[in-house]
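FYI, side chains are in, hydrogens and waters are out, and symmetry mates aren't considered; it's all heavy atoms of this structure. Since the structure is predicted, the reported quantities are computational estimates derived from the model, not experimental observations. In what follows, chains are A, B, ... by sequence order, proteins preceding strands, each numbered from 1.
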Amino acid sequence: GEDVEQSLFLSVREGDSSVINCTYTDSSSTYLYWYKQEPGAGLQLLTYIFSNMDMKQDQRLTVLLNKKDKHLSLRIADTQTGDSAIYFCAESKAGNMLTFGGGTRLMVKP
Amino acid sequence: EAEVAQSPRYKITEKSQAVAFWCDPISGHATLYWYRQILGQGPELLVQFQDESVVDDSQLPKDRFSAERLKGVDSTLKIQPAELGDSAMYLCASRSSYEQYFGPGTRLTVT
């Protein structure tokens, strides 16, 4: 079945760039997403990329997709303390139900 | 900005009791999802609606869980009887095109 994997934890200093990585197994995935979850809250859609794209940039966020290796990454430029949260990678077919990874906890140190 | 509404935000119940959660999706969104998120894990789909019809409930434990969306707008998820293992965050989401928007969730604690 489908599987999405992420590293558990990332720590960076304020002002540095953060790179969160994700791998997935389902080659028929058409959309890949990044969500942010703060403590006790729901999930906030950050960005998504269609599988025929290699890169998408949105302000401080850059998504890179290597479809051959089934590898997705999220780069956050100039990371701020407010970026501290859990980040989830998810995949879907045609934007339908989402299959999530286990989440990466990002800690930003002042 | 339109948001997905959920209530209650928190619920504590004793095992074997019944519990219900409510979700109001963003206006005009025909597709609605219920996900369950166990602490420390990513959300997992329980049920998907298209308007008032169930599209996918393959992961819904039907012996104790039920979901409905009678008029194709708001939705209710029920658990009866609740078990200790049901303690989790229950998230509702609605979809527009390729974007899914989540509500704040209901944190359920079963004692």
Sorted by number, residues from residues 101-111 of chain B in contact with chain A (heavy atoms, under 4.5 Å) =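 Heavy-atom contacts from residues 101-111 of chain B to chain A are B:Tyr101, B:Phe102, B:Gly103, B:Pro104.
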
Could you name the residues of residues 50-75 of chain B that have a heavy atom within less than 4.5 Å of a heavy atom in chain A?
->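 Within residues 50-75 of chain B, near chain A: B:Asp56.
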
Would a distance-only check, ignoring hydrogens and angles, find a side-chain to backbone donor-acceptor pair under 3.5 Å from B:Tyr35 to A:Leu98?
->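 Yes, B:Tyr35 side chain to A:Leu98 backbone: donor-acceptor pair under 3.5 Å.
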
Do side-chain atoms of B:Gln41 reach the backbone of A:Gly103 as a donor and acceptor pair under 3.5 angstrom?
->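 Between the backbone of A:Gly103 and the side chain of B:Gln41 there is no qualifying donor-acceptor contact (under 3.5 Å).
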
Co-membership, hydrophobic cluster, residues [X] and [Y], 4.5 Å side-chain:
| X | Y | value |
| --- | --- | --- |
| A:Val12 | A:Ile20 | yes |
| B:Trp34 | B:Met89 | no |
| A:Phe9 | A:Val19 | no |
| A:Phe100 | A:Leu45 | yes |
| B:Leu45 | B:Tyr98 | yes |

Residue part contacting chain B, namely of [X], when any heavy atom lies under 4.5 Å:
| X | result |
| --- | --- |
| A:Phe50 | neither |
| A:Gln6 | neither |
| A:Leu43 | both |

Which atom names give the shortest non-hydrogen contact between [X] and [Y], and what distance separates them?
| X | Y | result |
| --- | --- | --- |
| B:Arg95 | A:Asn96 | NH2-OD1, 4.1 Å |
| B:Leu91 | A:Gly42 | CD2-CA, 4.0 Å |
| B:Gln100 | A:Met97 | NE2-CA, 4.0 Å |

A quick test of your reading: do over 12 heavy atoms of other residues, nucleotides or ligands sit less than 6.0 Å from [atom1] of [X]?
| X | atom1 | result |
| --- | --- | --- |
| A:Met53 | CE | yes |
| A:Glu14 | CD | yes |
| B:Leu39 | CG | no |
| B:Gln80 | CD | no |
| B:Lys11 | NZ | no |

Within-4.5 Å side-chain heavy-atom neighbours: B:Gln37 and A:Phe88 | yes

Among all residues two or more places apart in sequence or in another chain, which pass the ring pair (Phe, Tyr, Trp, His ring centres under 6.0 Å) test with B:Tyr90?
->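 Ring pair (Phe, Tyr, Trp, His ring centres under 6.0 Å) check on B:Tyr90 returns B:Phe21.
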
What are the residues of residues 61-80 of chain A, in order of number, with any heavy atom under 4.5 angstrom from a heavy atom of chain B?
->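 Expected list: none.
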
